[in-house]
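These notes concern the structure reproduced below.
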Amino acid sequence: MMSKGITGKETDYSAWYNELILKSELADYAPVKGCMVIRPHGYAIWEKMRDGLDKMFKDTGHENAYFPMLIPESFIKKEAEHVKGFSPELAVVTHAGGKELEEPLVLRPTSETIIWSMYKNWIHSHRDLPLLINQWANVIRWEMRTRLFLRTTEFLWQEGHTAHATAEEAEEETLRMLNVYKTFAEEQMAMPVLIGKKTEAQKFAGAVATYAIEAMMGDKKALQSGTSHFLGQNFAKAFDVKFQNEENKEEYVYATSWGVSTRLIGALVMTHGDDKGLVLPPRLSPFEVIIIPIWKTDEEETKVRSFLEKIENSLKSADVTFKIDDRTYVTPGWKFNEWELKGIPLRIEVGPRDVKENQLVMVRRDQSEKAVKHLEGVGKESRTVLDAIQKDMFEKAKTFREDNTKKINSYDDFKEFYESDGGFAESYWCGSPVCEQEVQDETKATIRVIPFEQPEERGSCIKCGKESETFVVFAKSY
RNA sequence: CGGGGUGUGGCGCAGCCCGGCAGCGCGCUUGCUUCGGGAGCAAGAGGUCGCGAGUUCAAAUCUCGCCACCCCGACCA
């Protein structure tokens, strides 16, 4: 079932990532190339993410709905940029019911087109706006190269699609949801993110502007972890969605869309994982505490079990979620390793020695020291420790990012940076797509974001040296 | 699409050059002893060697073809 250990991060990051996912039972390869099965442990994490995000969406006034997976091919073609961006990765159904279809059906790569085809029927007046809808769904994108969680042919995500009366309102919504993502990433995933605007070259096909959260992974590469798009009137025009404003004038509707996907699980793995396996932030762990009872004799078992009840009650009263691993056919040592591999944030060991002393042993997943704690108040103590883990994981990730972020002004230094260790480079850029492309061709680094907070001083473009006021963050990315 | 790799009991691999009984480790089953960092002993079960042709008395092994998956690069959440 399981062989000992996984490849070290330093030895081969990619092998480490794959082995970690397979061995911690987050996911497994499916029969179809590029597809994966999300196993219960991985899906439980996704459910946690989903629940956390869903609450944040509801709190900002959104409602869930569900639109179909099959989209008439002609819909995709209605928005010029959208077609151009997505046609290479579409999967198309041409036959069904034993016959060739009159019009091929596209398996949705994203749902703007089908949603806006419906919004046309639902929006007539400014009183119908804003329309704030989200859907949890699967999408299909036929990618050339896939990687577990980071880029799979089919993935699960959430896509918000909102309609507004004014550009200002829509832009506000775009940034509101970007900030929801930032908050979620930092507070729930313990993953610090940069936020900002994407360059023209990297924006969503069909958007006026794309914004993103970007995180630094354990190998110092960037991962785009969530996007929020201001779509302007592009889709309203493509699908002829107009409303009558207060002055009784017809106007096209303004749109946004925003999404995060199961890629976030990959982000979690690469932000916090270590050579022993996954390290889960308490708020996203399927359960927070794994309890491992230890005994030799029946008599000891009876004593330990009744002691466990006291621990359970204390944990329950502090709303700490836990699981007791009382399997008899594996040794405690085996369980330690297995639950560390699976990333459960806190472990409690209870054996005859502890029963006698009215104590227990606590071990944080993000550290390794064993700490002896008294039985009394173990629930509250666990909560305190879990909060500390959540916070420390964030700080550790943030420090790592800061340690690997460098202000770079000269292109020679820049090239050298990406030939050696790499990381995030803070530089200036003149705004020319030519410079952007040349930097990418020569160093593999791309502009990840144009941060909102721009420094006072001006600089010079990292590539052409022209004076520039645009401060950007470069990195190699997934 | 280019480059590389792999395909042999559930998992990881050896065997292939040089054709001759299909092996090893882990896991699994049963029993006993174990149990505070991946337990020990004993006895078992388990395989169309990715698929298809060919060469041969004989193919996991040689030849030709095909397929699948993984990794690295170009496209992307």
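Just so it is clear, the values below take in all heavy atoms, side chains as well, and ignore hydrogens, waters and symmetry mates. As the structure is a prediction and not an experimental result, all values here were calculated from the model. In what follows, chains are A, B, ... by sequence order, proteins preceding strands, each numbered from 1.
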In chain order, what residues pass the side chain to side chain contact (heavy atoms under 4.5 Å, CB included) check against [X], with sequence neighbours excluded?
X	answer
A/K182	A/N179, A/E186, A/V193, A/I195, A/I213
A/A205	A/F86
A/E63	none
A/E154	A/N138, A/I140

For residues 39-49 of chain A, the side chain to side chain donor-acceptor pair (under 3.5 Å) pairs (sequence neighbours left out) are none

Would you list the protein and nucleotides 33-35 of chain B atom pairs, both N or O, that sit under 3.5 Å from each other?
{"unit_1": "B/C35", "atom_1": "N4", "unit_2": "A/K296", "atom_2": "O", "d": "3.3"}

Under the salt bridge (charged side-chain N to carboxylate O under 4.0 Å, His left out) rule, collect the residues that match up with [X], sequence neighbours excluded.
X	value
A/K396	none
A/E79	none
A/D354	none
A/K398	none

Please, what dot-bracket string fits RNA chain B when only Watson-Crick and G-U pairs with both distances under 3.5 Å count, crossing ones use [ ] and pairs to another strand use |? ((((((((.[[[[.)....(..]]]].((((((.....)))))).....[[[[[..)....]]]]])))))))....

Sort me out a list of protein N/O and nucleotides 73-75 of chain B N/O pairs below 3.5 Å, or just none if empty.
{"unit_1": "B/G73", "atom_1": "OP2", "unit_2": "A/R145", "atom_2": "NH1", "d": "3.1"}
{"unit_1": "B/A74", "atom_1": "OP1", "unit_2": "A/K444", "atom_2": "NZ", "d": "3.3"}

